[in-house]
Each structure stands twice: as structure tokens, then as C-alpha cells.
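A quick note: this is a predicted structure, and the numbers were derived from the prediction, not measured. Lettering follows sequence order; numbering is per chain, from 1.
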Protein chains: 4
Amino acid sequence: METETEDLSRRSIGARRNPASQEAILDAAEAVLREGGIAGFSIEAVARRARAGKPTIYRWWPNRTALMLDVYTRFKNARAFPDTGTLRGDLVAFLDNQLLGFWKDSLCGTVYRAVIAEAQSDAGAEEALQAYQADRKQRALVLVERAKARGEVPQDVDAALIIDLVVAYAWHQLLVGHVAQSMGKVEAVVDTVLRGTPGYRA
Amino acid sequence: METETEDLSRRSIGARRNPASQEAILDAAEAVLREGGIAGFSIEAVARRARAGKPTIYRWWPNRTALMLDVYTRFKNARAFPDTGTLRGDLVAFLDNQLLGFWKDSLCGTVYRAVIAEAQSDAGAEEALQAYQADRKQRALVLVERAKARGEVPQDVDAALIIDLVVAYAWHQLLVGHVAQSMGKVEAVVDTVLRGTPGYRA
Amino acid sequence: METETEDLSRRSIGARRNPASQEAILDAAEAVLREGGIAGFSIEAVARRARAGKPTIYRWWPNRTALMLDVYTRFKNARAFPDTGTLRGDLVAFLDNQLLGFWKDSLCGTVYRAVIAEAQSDAGAEEALQAYQADRKQRALVLVERAKARGEVPQDVDAALIIDLVVAYAWHQLLVGHVAQSMGKVEAVVDTVLRGTPGYRA
Amino acid sequence: METETEDLSRRSIGARRNPASQEAILDAAEAVLREGGIAGFSIEAVARRARAGKPTIYRWWPNRTALMLDVYTRFKNARAFPDTGTLRGDLVAFLDNQLLGFWKDSLCGTVYRAVIAEAQSDAGAEEALQAYQADRKQRALVLVERAKARGEVPQDVDAALIIDLVVAYAWHQLLVGHVAQSMGKVEAVVDTVLRGTPGYRA
DNA sequence: TTATAACCGAGACGGTACGTCTAGTCTTTGT
DNA sequence: ACAAAGACTAGACGTACCGTCTCGGTTATAA
């Protein structure tokens, strides 16, 4: 990946989106993030790296957050939501694999930190992140719904609270830079939340 | 407050820090944040507003995060940690009063969001935030220690986990912009965490 | 000239230098010099006046000296080297018209004084001035060469010395602020230098 | 000289100028000029170097030009005006010893270039330089007056023109950085000027 | 003998300008 | 129609000096 060697002669291919450019830009964005971290990430830097014009980037991504989010989802799409048969197993896998474990790879964590940070000051970024979040949360709630169907938890349990607590824990660890240290506590977190859920039966 | 009316004659008072200037700068920083939000916050803008020279700001605050954190702590110092006699009461008050309720005032929340965001890209900011966090966490752990002394929870309970879960929930709600909506869930969150804590007796 | 009235809508005209911007910047530089003199001249002030971004100025002029020299040459190009038929006439015209008389217009003199001053401390400015000087001197030497061809002076006369003495006199008067007073002495200076040149015949 | 070793304990000596401080400041100014050239010369730098407070400098020298001029005259005073018995000898010595030869020492030339440059933009500097110049010119005119008394030149000769031409030549060479190269032309310059003076008899 | 006045070092103050960086927009040229 | 390129306005960044001011302290001279 991110070969950056198509330096020469990536010109227009006529009146349609050039996939090679999009790839090159995403590769460059990833490389810039990998090398300079969040602070070094700028549209300028990506354009330089990709040997692309800034307007080409702005044409397809309205702002840097959208671009970062695209880089992020390129990774994310590789990982599927778990289905272990028990709610505890699902949540442990969710936290361990989709959240903390995924972010432990420095780049993924870096990108997501950047996206969250950006969303605090940029309205467009906040919207993009909320849309992304809503989708993820919807899919996470399914884990609890399945548990309800299996009778592991009562029908009237607050599924959103369970997910929120788990996701919130992961975010917090990410944002204070303690992802690696916190991975040992995954089971304790899930157990605490489940024990605290009224009517839960292991 | 922030009258900004001592416009004239705030000169040097000798080879030492001029408290009037510091006040004026913090007032201006607060006003800029209040009016322009995080995105509009810049050292330039604060200097203009405070009728202060940029170097005066840089002399005392190494970066904008330090300045924002100072604005934040000016508010924070007003609120005391709770002591209600029960762990549940303490945690509810902590979450309700020190975290979510405190941030609900738009400015406090705005400032803290900005600080967290800044800490994701700036090393100095990260350090400053971590120092601040460590101190706050230390003081929050006391709530659990008192509960241990009272026999509400066993001696071997993981106090840090309890605090982390509560704080993490608050951060997450802050960062996704759901502070107001989440205040109704304060008791549910605390109850879930406490019920999930082995050996807890109400 | 220097109308400064195209205030609005001077955007980019594509991937090439925008002549309108260059004109506006030179006009602004001239206006700033006219109003504030050398001391008030700064890139910042020119950018403000021209409604141009600082980087646009730095893109095309490496330093303020280069910009001032450009303002200067815009005037200079208007005046042609003299050809009166006699060396005395040429030198008088040169001193009277190209040097002192040209500088008497307050702005031209001001600009050239600034350029010379700048060249004393800035390496780039020194280089720029030397290049300009070398060109001017070359063209001034032609006056003497023509006189040699006419037999007014011997072939072995030190042409550079003649030009140097005349130019030096003008510089000195400029730099001590005596341009106006010295214009009455033009003929005396030229006569002294020519009488002192061995083999000169009027 | 300029030992800079009285580092400690140079306090006030009562309600009068402390000569040690003045010496230290002049030494520091000289050292700063020697090391950083004109561009590196600033009141801040001198104060740092001299371990003196800025107000102490401003108390005794109204601006940097006055300070530079003081550094310059500290050297200058060492050299006496010549008296060789002939006007030609005097002028050659004047040009060779007081002007070009004096400036050839890099520091003296550097300082004087700086003073001249400063005088182009700063009113105070211009005044100071003019005062200095007037004094020097007065003393140089004496050379010609003595020649008149000896009958070398007629009484009605324009003494100022002779001095101006010689001084102007030296300035020009200084300002274009050709001091060293021009020293071989001293006699040619003086001879040209004198031959061009009506009624001059060697 | 005691004030007092001017000096000294130090360094903070409000400012201005520096030269660099990035944002996001615009237009031309070339596929 | 779209890509590439790069210029454009705009403005923040962090630094260096400017010249002024007040401080705390020192010391010679005037009262």
C-alpha cells in the first residue's frame, strides 16, 4: 500500500472521477498521518504527498475530517461485528476487537482520535462523526437484542445504556492515551456492566 | 465580570507578573470562547480582546491549551467535591454536579471539549491534561476509599474502575454533544456501576 | 496612477502570476513609501494597503529591498541615458537628469536611499543593489567611450574613475540630504573632474 | 580591551553616571557589532551582552545610532588629521588614513556603514550624523585653507567642493563594499581633483 | 544624620513586524 | 466534464525587538 510511486503522469482521464487519484489521496493521507501524527495532518500535506491539487481533494471531501473518516473506514470495514453466542462473549469481543484492540494499532487509534478532536470544533466534522456513531451504535445494539431473544436479559433492559458504558470506557482510554494498558481490563469492564444490569443471567 | 473597561494604562508594574494583565487575558479568553466557540479561539484574538501583546501571553502560557485549561480551572475551583455520607450519593453528586452538570453551562463544556481536542494533537496539551486528570482522579478515588472505610464496599474493590466508568460516561456524553440529554440517566449509570461492583451493599 | 480602487474581486486567475496583483502591490508599496517614508515601509503595511496576502508578496519578492528596487526601477525606466554630442554635456545631463534631478522628486530619492540603507545590513539587498549598480555603471561608461571615439579624451583614460567620481558625488549628496542644494553645483563638479582628466580637450 | 570580566556587582554608584557601566555598554556594543554585524545589532543584544538594563542604555543614548556613533568615535579619536606640508600630501593622507584606510578595518567600516544606513530612516540618526559630518568637514576644510595660505591654491577656490569630492568618493566605495579595492586609487583620485581645481600649482 | 534623588540591574508591559504555514477559492490548461 | 497545477486573499502561528515603565536596591550629596 501507499506506494507513492505513481509520481508522474497521473493526469485527468476525462470527464469522470479518476479512481487512481482517490486511491493516491487516501494513501497519502494515511502516510501523512502515520508519519506526522494528527498535528502534521493538513490538506496541503496530503496534496503534496499525493501529487494532487488541493481542489481535487476538496471536490471529493468537503473537509479534512471527511477525509480522515474515509481513511478510518478503509480499515474498519475489514472487521466484522462478533457473534459468539453469549452477550458477555459478544461484548468482550466488541470491546477487545472492534474498539480497543482495533485502536491499539497506532494508526487507527491516531486517526480516530483526530476525528473526535476535529468534531469538537468543526460543525461538519461533528455531523459526520454523529452519523458514523449512530450507525455503529445501531449495529452494536443488535448484540443486546440478540441477548434479549435468547433470554439472557429481560426485554425491558436499557440496551443503549449498556452499549454507552462500554463504548464510553473505550473512548476515554483512547483519548487519554491508555489504550494499551486498558486492554487487560476488558473482562472486568464487561462483567461490571452486565452484573449491574437488572435481570442479567450469565 | 470581564468588564474590559480598564482600557487605558495597564502597563508594566516592574520586573514581575502583572496580575491585572493576567486577569484581563483570562477574561478575554473566556469572552472569546463564549462568543466564537472553540473554532474562533486563537492567541491573536485573545490578545486583541485583552489589549495585550502576544508575547505577554506566550510569556505565561506556553500554548493555547494551557490558557484554556486556566480558564477552565477558574470555574472549576468554585465547586467542591461532594460528601453525602453514601457512595451512591457521592457518585451521583460527582457525576451530576462536577461533571455533566458543570459542563451543561455551555462555556465550561465548550472549554473542556476544546482542551480534550487539543490534547489529541499537541504534546504539551496532552501533558497538561494528563496532569490535571491525575489530580482530579486522585480526589475522586477518595470517594470510594471513604466507602471502603464505611464498609459499603470490600477493601479489595477496584476503585479506579468505578471512577473510570463514571468519568468515561461523562466524557463520552460531552464529546458527542449529549450532555443535556444524559443528565436524566445519572442515577441509572451510578446504579449500574455499583450493582456491578462485587460485594457492594447499598 | 495608483488608484487603489479595484478593491474587490482580485482573485487568482489560474496557475500563473496575476498582473493585477503585482500592479496593486507595487502601487501600494509606492503609496506606503510616499506617505510613511522609509521608516514606515514594511511588508505588512504594503500587504494591508494592497489588500494582498503576505505570502503573495513573499512569493514574488524575496525581501523588502527587492520590492523597493522594483518600485524604483518602475520610475527609472522612464528616463533615457543622454547623448548631447559632448562628454561635458553628457555628464552634466547624466548628473542633472539621471541622478540628482531624478532623486529630487522626493519619492525617488527616498526609495533609493532606502535601498542603499538596506543593502548595508541585508546580504540579499547588497547583491540586488550591486547587480543594479553594475548595469547602470556599464551604461554610464559608454558616455566616456563615445568621447574617446570622438577624440575628446585619450584612449588610455580611466573611464571608471570619471564615472565613479560623478556618481559618488551624487550618492553623497543624496545620503546627507543635500540633493536640492547640490543641483547648482553640477557644472562645477563635472568641470573639475574633466579638467582633472589628463588629455581632456573641451 | 573589552574583557567583559567585571560580570558581577556593577551596581549604582550613587546619583551619577557609572563609568564602568558606560564602558561595559560600549564594549558590548562593539562586540555585538563585531560578531553579528549590522543586522545583529540591537539594543536588546547590547543590554544582554553588557548585563545592563535597557533603560540604562536609553538613559544615556537616545537611540541605537547614537550608540553606534559613540562606538565609532571611540576609534576615530585615535587618529589625528594630517599635516604633511602640501595639499596633495594632506589629501592623500586624509583619504588613505582617515577614510578608506580607517574603514578597511572591518569593524570601523561596518559601524560607519550602519550609521549611514540608520540615518536614512531615523530622524535622530540623521541629525546626529549631520552634526558629526559638519564637525569633520570643518576640520577637513582646514587642509585647504592652509594650502591657500601657502599659495598652493587661489583664495577664491571652492574648498568645500574639493573636500566633498574626496569624501564622496570614499563613502561610495564604503557603501558598495569596495573599500579594499579602492585604496590603490587614492592618488589618482586626489590628483584628478587637484588638477581640476583652477589655479592649483603642485 | 538622615533624607532624597538619581543611578543601577532586571524584566514585564503593549505593540509592530517578521517570515512561514495552512485554509479554502478560483482559473487556466490539458486530457 | 474533470484533473492537475498553482496563484490568490486571509489570517494565525510563534519570535525578536522596540521603547516605556516600575520595581527593589545602592550610594553620594543636601538638609
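Here the closest non-hydrogen pair linking Ile25(B) and Val46(B) is O-CG1, 3.8 Å.
When each of Arg49(C), Gln22(C), Arg74(C) is checked for a side-chain hydrogen bond (donor to acceptor under 3.5 Å, both in side chains) with Asp27(C), only Arg74(C) meets the rule.
Put simply, CZ on Phe41(B) and OG1 on Thr110(B) are 12.0 Å apart, with the number rounded to the nearest 0.5 Å.
In the set dC18(E), dC8(F), dC13(F), the nucleotide with an atom closest to the side chain of Trp60(C) is dC8(F). Of the candidate nucleotides dA4(F), dC13(F), dG14(E), dA4(F) has the atom nearest to the side chain of Ala52(A). When distances run from any side-chain atom of Arg59(A) to the nucleotides dC8(F), dA3(F), dA5(F), the shortest one goes to dA3(F).
When the P atom of dA16(F) is taken as reference, atom CZ of Arg49(D) falls 18 Å away, rounded to whole Å. Put simply, CD1 on Ile57(D) is 11 Å from P on dA10(E), counting in whole angstrom units. Per the geometry, CZ belonging to Phe41(A) stands 18 Å off P belonging to dC21(E), to the nearest Å. Rounded to whole Å, the distance from CD on Glu118(C) to P on dA17(E) is 14 Å. Atom CZ in Arg17(C) sits roughly 20 Å away from atom C1' in dT29(E) (whole-Å rounding).
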Using a 3.5 Å cut-off and no angle test, enumerate the donor-acceptor pairs between side-chain atoms of residues 111-118 of chain D and protein atoms at least two apart in sequence or in another chain.
| unit_1 | atom_1 | unit_2 | atom_2 | d |
| --- | --- | --- | --- | --- |
| Tyr112(D) | OH | Gln133(D) | NE2 | 3.2 |
| Arg113(D) | NE | Gln120(C) | OE1 | 2.5 |
| Arg113(D) | NH2 | Gln120(C) | OE1 | 3.0 |
| Arg113(D) | NH2 | Glu126(C) | OE2 | 3.4 |
| Glu118(D) | OE1 | Arg64(D) | NH2 | 3.1 |
| Glu118(D) | OE2 | Arg64(D) | NE | 2.9 |

> Reading nucleotides 19-28 of chain F from the 5' end, what letters show protein touch, with B for base, S for backbone sugar-phosphate only, - for no heavy atom under 4.0 Å?
Replying inline: BBBBS-BBBS
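Cation-pi geometry between Arg16(B) and Trp60(B) is not met at under 6.0 angstrom from the ring centre and within 45 degrees of the axis.
By the 6.0 Å contact criterion, CD on Glu35(C) is enclosed, its count of non-hydrogen atoms from other residues, nucleotides or ligands being greater than 12. Summarising the local packing, CD of Glu127(B) is surrounded by 12 or fewer heavy atoms from other residues, nucleotides or ligands at distances under 6.0 Å.
Contact annotation: Gln22(B) reaches the phosphate of dC13(E) (side-chain N/O to OP1 or OP2, under 4.0 Å). OP1 and OP2 of dC8(E) both lie 4.0 Å or more from every side-chain N or O belonging to Arg51(D). Regarding contacts with the backbone of dT9(F), a side-chain N or O of Thr56(C) is found under 4.0 angstrom from either OP1 or OP2.
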